Amino acid sequence: MKKKISIGSKLYITLCFVFFYLPIGITMFFSFNSSKSLTKFTGFSLRWYKKLFEDQNILSAVYVSISIAVIATLISTILGTMTAIGLSKSRKVLKEWILNVNNMPIMNPDIVTAIGLMILFTSARMERGYITMLLAHIAFCTPYVITSVYPKVRSMDHNLADAAMDLGATPFQALTKVIIPMLKPGIYAGMLLAFTMSLDDFVVSYFVTGNGVSNISIVVYNMTKRTNPTINALSTLLILAVIIILVVVNVIPAVAKKRRSREVELAGAKKGTTRKIAAGAGVAIVLMVAVICIVKFSTISSKPVLRVFNAGEYVDTTLITRFEEENDCQVVYETFDSNESMYTKLQSGSQYDILVPSDYMIERLIQEDYLQEIDWDKISNKDAIIPSLFDNSYDPNNQYTVPYYWGAVGILYDRTVVDEEDLKQGWDILRNTKYQNKIYMYDSERDSFMVALKSLGYSMNSDNKEELQEAYEWLIEQRQTMNPVYVGDDVMDNMISGNKAMAVVYSGDGAYIISENDDMDFFIPEQGTNVWTDAMVITKDCLNTELAHKYIDFFLQEDVAIQNTEYIGYDSAVQSVYEYFRDVEYKGNPACAPDLSNKKNEEFYNQEQDIKSYTANLWTKVKSH
């Protein structure tokens, strides 16, 4: 007798499914949004799908992801199945030892596996790229196949293989005709798991790749630094692909089975023949794809190569294509998500020609002798740079750096909510209880402590621990009384949607938000702020310094800088471009090209390492309070 499911259980199951699939539905819905907003639907449009298919970086990433997933799945399935069968004939001690070793990559955090593989490839002096990513995927997929296949090996009757050989079958025939058919459920489960793990992986791929090779997860991660609805379009297509595969795998065989129910024997014979042909064709296609992919990503270009390492979404990549055409060269372009991750890759042995770090990281790279001096005679556009961006404390006389983009930190506010009179409070407005629960703060100890120190009248680079303790108490009090929300780059979409009254933002982000929401405004408190600069530098490992100087000079050209600034949204280091956006393109937008000439106490971030560590510990306490 069938047991009825209660209404409460049905409701619970329904809510679970809604919870699981609602985010997917929202993602698909907003992929057709006409605006950049990820939370406000403004009209139906296919513009993000068009942009997706025009973006060669994304298409290349899809190609890399699928090809590596297919090849890694094939190889790891063969290795895993062979190992599982071999374990069944091994001694107990050896079997237990191998199984324990096999469980280590599964139980280890991904970051441990990633760092270990990165060190291994560096020690072996392997150039990181497609091959190293493929090897890494095989390494972490194989244990999952072994775990899926081995239980089936243990449960099967091993006497059947012996009986087959007694009847005249060779060992290979016994393997393919008897053993493998009995292991099919485990092999298929391991294969699907390996494919899913490979296609989904980010952490391991991020640390073992190089030479401009990125998979989908790396590209998407870098795209999240700015509001980019192309991610929704890509996600929607991937979801549809999965749905189609599931339909093909589950529905079509069921329909075919019903149609052929009257001709079981004949259909079975045809099915077996068809399966053999399909299997052979499938293996041939996979091997062909493997050869093509390996050759494609391993081929050494005869053109001069320039290796550039920049932050995600921090250049219009069409300009890189233009530079390649003008100089008959190849630019291997890679991105990082933070200055710290860039530094980690350098320490691991990754080699680049040009980096685009921030001011405080530049100082560290100079001190640790990672950079070479700029030959300013090769920078024809030197005079186009804003004079005030020269001679900063992190690089006096600009021996190592060429300014790229710059900006300041300020407060973005909703004019319909915030009283203009309250702005006179400066940074202290962030503790005005009138705006309780209506504030976004950056999830960054550097920017948050800057706000607190400036509010208290201290330097943002204070090395006085008593002053830092006061700033810590300021932040604790703010957290207790104001209940601010600590965010990252998602602050942009949230403020465009008007979710809070105020937010601490970088000026470039503020300019973009204001351009999307007319109710927003921006100001820099009189107490001062952090002025940051990102710059282009050349590493000691640079293989083509002539081409590196051409690349830097290219991005200082006025037409190039205008196009790049339109894409990025921050303030260009080129004087004429800065003035163009201030006076023409974004005239009236207070966050674009902020005027700092009448402000006091504007500072560049410059703290000793021990003070940074001390501040980081205090920030941890603030976040956990």
Side-chain angles (χ1 to χ4, degrees), residues 10-70 73 192-193 195-203 205-206 214-252 254-255 312-313 317 335 337 487-499 512-513 515-517 567:
K10 289 181 179 179
L11 180 61
Y12 175 77
I13 294 171
T14 303
L15 290 175
C16 285
F17 273 96
V18 169
F19 178 77
F20 292 147
Y21 292 104
L22 184 60
I24 296 175
I26 291 173
T27 298
M28 298 177 72
F29 178 73
F30 277 98
S31 69
F32 300 102
N33 194 6
S34 60
S35 73
K36 279 190 173 183
S37 177
L38 300 178
T39 57
K40 185 178 180 181
F41 192 83
T42 56
F44 181 86
S45 173
L46 295 175
R47 62 179 293 199
W48 305 117
Y49 289 90
K50 180 182 178 182
K51 187 176 180 181
L52 172 64
F53 288 108
E54 291 174 349
D55 194 324
Q56 292 301 315
N57 289 331
I58 296 178
L59 297 180
S60 176
V62 171
Y63 180 77
V64 169
S65 290
I66 294 176
S67 62
I68 283 185
V70 170
T73 298
L192 290 172
L193 189 57
F195 183 82
T196 303
M197 293 296 296
S198 176
L199 195 65
D200 183 60
D201 178 71
F202 164 71
V203 177
S205 300
Y206 186 81
S214 298
N215 59 10
I216 294 173
S217 57
I218 294 174
V219 169
V220 169
Y221 180 71
N222 288 323
M223 287 167 68
T224 57
K225 290 187 69 64
R226 306 279 292 184
T227 303
N228 195 331
T230 310
I231 299 173
N232 290 345
L234 176 60
S235 300
T236 300
L237 293 179
L238 290 174
I239 293 166
L240 292 176
V242 171
I243 293 173
I244 291 171
I245 291 172
L246 290 174
V247 170
V248 170
V249 171
N250 294 289
V251 177
I252 293 179
V255 173
E313 295 289 291
T317 52
T335 57
D337 64 309
V487 293
D489 292 320
D490 53 326
V491 68
M492 290 186 285
D493 200 57
N494 280 304
M495 289 304 291
I496 289 172
S497 301
N499 292 340
Y512 168 70
I513 294 168
S515 68
E516 294 288 322
N517 187 337
Y567 179 85

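As the structure is a computational prediction, the values presented were derived from the model and not from experiment.
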Assess whether side-chain contact (heavy atoms from CB on, under 4.5 Å) is satisfied between Phe19 and Leu15, documenting all intermediate values. CA-CA 6 Å; Phe19 178 77; Leu15 290 175; over 6 Å; no
When you look at Ser497 and Asn499, which way does the side-chain hydrogen bond (donor to acceptor under 3.5 Å, both in side chains) test go after all the steps? CA-CA 6 Å; Ser497 301; Asn499 292 340; 4.7 Å; no
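Annotation: the span from Ser34 atom OG to Trp48 atom CH2 amounts to 9.0 Å, rounded to 0.5 Å. Expressed to the nearest 0.5 Å, how far CD1 of Ile26 lies from CD1 of Ile24 amounts to 10.5 Å. Going from atom OG1 of Thr27 over to atom CD1 of Ile231 covers 10.0 Å, rounded to the nearest 0.5 Å.
Minimum interatomic distance between Ala69 and Ser198 (heavy atoms only, all atoms of both residues): CA-OG, 3.2 Å. Closest heavy-atom contact between Met28 and Leu240: CE-CD2, 4.0 Å. A pairwise comparison of heavy atoms in Ser214 and Val64 identifies O-CB, 3.6 Å as the closest pair. Nearest heavy-atom pair, Val491 versus Val487, reported as atom, atom and distance to 0.1 Å: CB-CG2, 3.6 Å. Contact record, Asp201 with Val203: OD1-N, 4.0 Å, taken as the closest heavy-atom pair.
Residues Leu234 and Val219 form no side-chain contact, since every pair of their non-hydrogen atoms from C-beta on lies 4.5 Å or further apart. At least one side-chain heavy atom of Phe17 sits less than 4.5 Å from a side-chain heavy atom of Ile13. In this structure, Leu238 and Ile216 have side chains that are in contact, with non-hydrogen atoms separated by less than 4.5 Å. At a threshold of 4.5 Å between non-hydrogen side-chain atoms, the residues Ser515 and Tyr512 count as touching.
Taking the six-membered ring for Trp and thresholds of 30 and 60 degrees, Phe202 and Tyr206 have ring planes inclined between 30 and 60 degrees apart.
Residue-environment remark: CZ (Phe44) exceeds the threshold of 12 foreign heavy atoms within 6.0 Å.
Remark: side-chain polar atoms of Ser65 are not paired, donor with acceptor, to backbone N or O of Asn215 under 3.5 angstrom. Of the possible donor and acceptor atoms, one in the side chain of Asn517 sits under 3.5 Å from a partner among the backbone N and O of Ile496. Under a 3.5 Å cut-off, the side chain of Thr236 and the backbone N or O of Ser31 do not form any donor-acceptor pair.
Here the options are Asn232, Leu46, Thr230, the test is side chain to side chain contact (heavy atoms under 4.5 Å, CB included), and the partner is Leu52; only Thr230 passes.
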